Trainee: 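Starting off with a structure, shown below.
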2 protein chains.
Amino acid sequence: MTPDPDGHGSTPRLTPGARRILDVASELFYRRGIHAVGVDTIAAESGVTKRTLYDRFGSKDELVTAYLRARDLRWRALVVAAADAAPDPVRRALAPFDVLGGWLDTSDRGCSLVNAYAELPDPAHPARALITEEKRWLRELFRAALAEAGVPDPDTLAGQLLLLHEGAMVTFSVAEDPGAAAAARSAAAALLGHASA
Amino acid sequence: MTPDPDGHGSTPRLTPGARRILDVASELFYRRGIHAVGVDTIAAESGVTKRTLYDRFGSKDELVTAYLRARDLRWRALVVAAADAAPDPVRRALAPFDVLGGWLDTSDRGCSLVNAYAELPDPAHPARALITEEKRWLRELFRAALAEAGVPDPDTLAGQLLLLHEGAMVTFSVAEDPGAAAAARSAAAALLGHASA
DNA sequence: CTCGAACTTCACAGACCAGTGTACTAGGAG
DNA sequence: CTCCTAGTACACTGGTCTGTGAAGTTCGAG
């Protein structure tokens, strides 16, 4: 039960080479885009041969999926920690907005899942299920907190909070608005106040 | 002054070949992604040679920019028409949300500008200026309508409406939520009601 | 009749792409 | 000693990528 022995989030055990491959791939995929980065580059920058990369991950598509999964796990851990620390259900519903600002400071290229969606039009791609699942998860977190807070229509309101959250992610990067997270939080609070008034 | 003689929006005059190239490129770029579509494919599907494509557009990057510009012009025309038909400033501020549902019915892959942003990490790419400018334009449209409506802080509220709008675009496609546009409109109306109360 | 715009054909360059086959080495555990 | 895991080295396949060069065709307007 030693939690997180290698300090990289709750990613399953990886060999040292695989760890380096995943770290390098994450940085390059996020920074330059998935299609724009070749496996040769990833292998070279990891100090590993392409053979090792394919022995560990099987294909580029699966490496892409591993990259998105690891990043998603880091994000979820952050959100869950904040939600668990919240004093009441309303603050718990706002927890994702509380951590969003800090997260975006290290994520100037926006949401990796949204960006990946843009590059992976095939609905059968293994990463696509992961992408929709993450959005569903966040929406459910909103809904559960709102239901516990006793707002009239938690499902509708959860959908609206999700809109604000995704909007903040994309507006921060695409529209180059550094205040997007704060604006989303205050809008969310306004909607909550309005609904519970 | 014959308006829009070829029914393709106010795109500048193009030769017949260039018109077909742009139409085909728009469809393929939007549907499959920019990096995933080669100029050979575009030329072949347009019934045109690669030579013609390069004679007309100069480079793939400029063709990409032309695609985004044409699509943006169609979207802006739709919004402006709805805003001009609005009976009062508040309805004018909601106009983008009114047309969003219908627009998304023909745009199941989400916002072409957001998708393009994901694929074009280089800030110097000619399309990047176009992308940020479009978001700035929409925000200004919100702000002007809200100022005329006399809400207390039109600038802040305009930013929040933009969040809802971008959030609806991305949630509709990425989170596969067909009700995103309606949810965004009702959230926007709630924020407006709250602000003007 | 001539000029020019639009377009064709086709070969070519030079780079990059994902992915595989074969043979080899270092180190730890049973 | 022997087996297993992780990794190395490296050539190679078959394909795609953007972009260019050179020469020829079609057709309408002046």
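Values in this document were obtained by computation on a predicted structure and should not be read as measured data. Numbered from 1 within each chain, the chains take letters A, B, ... in sequence-line order.
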Trainee: Check every strand shown and say whether B/D40 touches a base, only sugar-phosphate, or nothing at a heavy-atom separation below 4.0 Å.
Mentor: base
Trainee: Counting just side-chain N and O atoms, does A/R56 come under 4.0 Å of either OP1 or OP2 of D/dG7?
Mentor: yes
Trainee: Can you measure B/F57 atom CZ to C/dA6 atom P for me and round it to whole angstrom units?
Mentor: 12 Å
Trainee: Under 4.0 Å, heavy atoms only, any strand: does A/G58 hit a base, just the sugar-phosphate, or nothing?
Mentor: nothing
Trainee: What nucleotide, of C/dT8, C/dA18, C/dC7, holds the atom closest to the side chain of B/T49?
Mentor: C/dT8
Trainee: Whole-Å distance between D/dT16 C1' and A/H35 NE2?
Mentor: 13 Å
Trainee: Quick check: on DNA chain C, is the nucleotide nearest A/Y54 upstream (toward 5') of the one nearest B/K50, or the reverse? Name the residue that is more 5'.
Mentor: B/K50
Trainee: Please determine whether a side-chain nitrogen or oxygen atom of A/T52 lies at a distance below 4.0 Å from atom OP1 or OP2 of D/dT8.
Mentor: yes
Trainee: Quick one: which of C/dC7, D/dT18, D/dT8 gets closest to the side chain of A/V48?
Mentor: D/dT8
Trainee: So, is A/T15 near the phosphate of D/dT5, with a side-chain N or O under 4.0 Å from OP1 or OP2?
Mentor: no
Trainee: A/K60 has an atom NZ; how far is it from atom C1' of D/dG15, in whole Å?
Mentor: 15 Å
Trainee: Does a side-chain N or O from B/R51 land closer than 4.0 Å to OP1 or OP2 of D/dA23, or not?
Mentor: no
Trainee: Salt-bridged, B/D55 to B/R51, with N to O below 4.0 Å?
Mentor: yes
Trainee: In whole angstrom, what separates B/H125's NE2 from D/dT18's C1'?
Mentor: 13 Å
Trainee: Salt bridge check, B/E176 against A/R136: does any charged N sit closer than 4.0 Å to a carboxylate O?
Mentor: no
Trainee: Rounded off to whole Å, could you give me the CG-to-P distance for the A/D55 and C/dT22 pair?
Mentor: 14 Å
Trainee: What is the separation between atom CG on A/L14 and atom C1' on D/dG7, rounded to the nearest whole Å?
Mentor: 15 Å
Trainee: Rounded off to whole Å, could you give me the CG-to-P distance for the A/D61 and C/dC17 pair?
Mentor: 15 Å
Trainee: Would the distance check show the side chain of A/Y30 and the main-chain N or O of A/G110 forming a donor-acceptor pair, the cut-off being under 3.5 Å?
Mentor: yes
Trainee: Starting from the C-alpha separation in whole Å, work towards a yes-or-no answer on salt bridge (charged side-chain N to carboxylate O under 4.0 Å, His left out) for B/D98 and B/R185.
Mentor: CA-CA 7 Å; B/D98 289 328; B/R185 197 196 185 283; 2.5 Å; yes
Trainee: Round to the nearest Å and state the distance from A/L63 atom CG to C/dC17 atom P.
Mentor: 14 Å
Trainee: How long is the gap from CZ on A/R56 to CZ on A/R19, to the nearest 0.5 Å?
Mentor: 14.0 Å
Trainee: Reckon B/S59 has a side-chain N or O less than 4.0 Å from the OP1 or OP2 of D/dT18?
Mentor: no
